[in-house]
Amino acid sequence: MNAVAQLQTRLQQALVAAFGPEFADTDPLLAATNNPKFGDYQANVAMSLAKKLGKQPRQVAQEVIDRLEVAEWFETPEIAGPGFINLRFKTDYLQASLQAMQADDRLGIAPTQTPQRVIVDFSSPNIAKEMHVGHLRSTIIGDCIARILEFQGHDVLRLNHVGDWGTQFGMLITYLREVAPAALTQADAIDLGDLVAFYKKAKARFDEDEAFQQAAREEVVKLQSGAEETLRAWKLLCDQSRREFQVIYDLLDIQLEERGESFYNPYLPAVVADLKTTGLLVEDQGAQCVFTEGFTNKEGQPLPLIIQKSDGGFNYATTDLAAIRYRIGTDGAQRIIYVTDAGQSNHFAQVFQVARKAGWIPETVEVVHVPFGLVQGEDGKRLKTRSGDTVRLRDLLDEAVERFRANLDAKIAEEKNREETEEFKAQVSEIVGISAVKYADLSQNRTSNYIFSYDKMLADKGNTAPYMLYAYARVQSISRKGDIDFSALTAQLQLQKESELILAKHLLQLEDVIAQVGEDLYPNRLCQYLFELSQKFNTFYDACPVLKAEEPLKTSRLVLCDLTARSLKLGLSLLGIPVLERM
RNA sequence: GGGCCCUUAGCUCAGUGGAUAGAGCAACCGCCUUCUAAGCGGUCGGUCACAGGUUCGAAUCCUGUAGGGCCCGCCA
């Protein structure tokens, strides 16, 4: 148990000792301080108890600390302001903790005691369409969440719930049958870009041509009933899209198990049947619906979740319900995380409500929608290309890499006596460019819309990937220069200067930050931590010579360098970002 | 009309009940004969949209108002 957990317990014991057993469940209101002059932690319980006990808050605080035994970890507690109890770590404790951290492959972060089977549903592009900017956030945020949970020791199933079923295929196949029948019988008869164009035309036809609409709907029914020719055409389209998606996933280093909507097709009738049994299902205007609480349409009428369309077809609500049942019943999921845009909040709220009412989500299973905001251009509107089209993900990533390459070339040209190989420049540019896109996205609170700016994400100043990667590279530079083998260091730490103490305390917080993100699923908190770590390292680097220090201080500082680098490497890896030894 | 989200420094954003509200960028001033200056230190900058309420204590919780975004029956 770490010192903070111990402190929590000891505070509770002190409360009981001071005021009696009825205070056993009183929260000591322990929190990190926001200002180092107040120490490292503060307990705010005295103010909240003062009225109840009929005493002055400062006196309550005094009675607590008189009975508080934390000398193993903390200096003598102090009372400040209206009754804050301030606690400061002992340097001895910090030094010992850092040494333990240094000796451990996982930086002292133990795997969870309660591993869960977790499903992270993310990315989920549509077959027959190219991946575009709309898939960026789900893919990046979902991957990060999966990485964090995996590191914690959970059994994570990463599912790509691709849109490989439904009305869009009816449209597309009907249209292709007319204009490019070869695409339905032989692989790669047309390329994916053309397929996207065909899709748009098919959609346009669908919206204005009633006969076409009818034909498309019939095609969906054929597909759903397994008609051979339609099914073969569908498989061809899926294969082609899948290969295109894989190019992007390789570029982004993302592992995913594809399990599209079609997978749940055999389980859809049972969803309808079981909803009927529970009495939740109602027929309305020819469609099978479940009416949900708290949702109304523009006319103020209750809003249904449509389970089966009037033409007998199923839609995504049905699929999502079937998926919940399958994931809980067969996959054994204890936590299901859906990483999709905030626009689907209503949909998921409805689906979860219906699944709960039907009794399909046991108390022990957590089902959660992790929403995120839109990607906007610098004009604050939805990100588009100059010609007004949706931005292809491939183009977006390529541009980030190209732009960073230009920055890098300029930088190298500026520095005297610096020559780099083409291979080096290409590799650095690709890693930094793509990492910058990922980091920019992850470093924002996901719930708000996010303004996409190449200039900001590629800047070498501020809370950006280049800044963090540079901090890491600086440490590696020390090891090269001093010919240091970090893994062989053994030393008694000596935290002397303020910048060393500040860095040391920050290093010890990594565990808590990861635990918090695993819980709340806000990756920007991990980014914030890593940014502050980089800043604190740079301050230390500026103030404390490492290689020129006398032993044993030199080795002590090398340990701080090593721990910083390893923390950065671990933290960035959880964001899906690799490090560079040199840049 | 309903639901969800947002409104914090000139700009982009942190801050999910605690002390004088924080970063980064931009602007200005310093620091390279010393481990990568892609760095560091400092200055400037805020009626936390507005009004009530709860609380010892509110940017944070509750209610209302204004502005913005997204969604609202057979697309996902």
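Every chain is numbered from 1, with letters handed out A, B, ... down the list of sequences. Worth knowing before you read on, the calculation uses all heavy atoms, side chains too, and leaves out hydrogens, waters and symmetry mates.
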[X] has an atom [atom1]; how far is it from atom [atom2] of [N], in whole Å?
{"X": "A/R58", "N": "B/rA19", "atom1": "CZ", "atom2": "P", "answer": "17 Å"}
{"X": "A/Q308", "N": "B/rC75", "atom1": "CD", "atom2": "P", "answer": "13 Å"}
{"X": "A/I451", "N": "B/rC11", "atom1": "CD1", "atom2": "P", "answer": "11 Å"}
{"X": "A/F372", "N": "B/rC5", "atom1": "CZ", "atom2": "C1'", "answer": "14 Å"}
{"X": "A/L305", "N": "B/rG2", "atom1": "CG", "atom2": "C1'", "answer": "17 Å"}

Under the 3.5 Å rule, do the base of [N] and the side chain of [X] count as making a donor-acceptor pair?
{"X": "A/N86", "N": "B/rA19", "result": "yes"}
{"X": "A/R525", "N": "B/rU16", "result": "yes"}
{"X": "A/K411", "N": "B/rU36", "result": "no"}

Atom pairs under 3.5 Å: protein N/O with N/O of nucleotides 66-72 of chain B:
{"from": "B/rC71", "atom 1": "O2", "to": "A/N346", "atom 2": "ND2", "distance (Å)": "3.2"}

Item to check | RNA chain B: 5'-proximal contact among A/A317 and A/K481 (nearest heavy atom) | outcome: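 That would be A/K481.
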
Item to check | 5' precedence on RNA chain B between A/K461 and A/P545 (nearest-nucleotide basis) | outcome: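 By nearest-heavy-atom nucleotide position, the 5'-most residue is A/K461.
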
Distance test, side-chain N/O of [X] to OP1/OP2 of [N], below 4.0 Å:
{"X": "A/Q535", "N": "B/rG24", "value": "yes"}
{"X": "A/N538", "N": "B/rC40", "value": "yes"}
{"X": "A/Y450", "N": "B/rC5", "value": "no"}
{"X": "A/N35", "N": "B/rU20", "value": "no"}
{"X": "A/N463", "N": "B/rA14", "value": "no"}

Item to check | Result of checking A/L469, A/V475, A/L533 against A/L568 for side-chain contact (heavy atoms from CB on, under 4.5 Å) | outcome: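 Passing option: A/L533.
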
Checklist entry - Name the one of A/S241, A/S262, A/S124 that satisfies side-chain hydrogen bond (donor to acceptor under 3.5 Å, both in side chains) with A/D164? => result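 Of all the options given, the one that passes is A/S262.
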
Next on the checklist: Is the base of B/rA23 stacked against the aromatic ring of A/F531, taking ring centres under 5.5 Å apart and planes under 30° as the test?
Outcome noted: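 Answer is no, no stack.
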
Checklist entry - Under 5.5 Å between ring centres and under 30° between planes: true for A/F295 and the base of B/rG2? => result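 Whether judged by distance or by angle, A/F295 falls short somewhere, so it does not stack on the base of B/rG2.
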
Item to check | Nucleic acid contacts - residues 42-52 of chain A versus RNA chain B, non-hydrogen atoms under 4.0 Å | outcome: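 Those residues whose heavy atoms fall under 4.0 Å from RNA chain B, taken from residues 42-52 of chain A in numerical order, are A/Q42, A/N44, A/M47, A/S48, A/K51.
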
Item to check | N-O pairing of A/K411 and A/D460 below 4.0 Å | outcome: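 Yes.
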
Next on the checklist: Ring of A/F537, cation from A/R474 - is the NZ or CZ under 6.0 Å from the centre and inside 45° of the axis?
Outcome noted: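 Checked: cation-pi criterion not met.
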
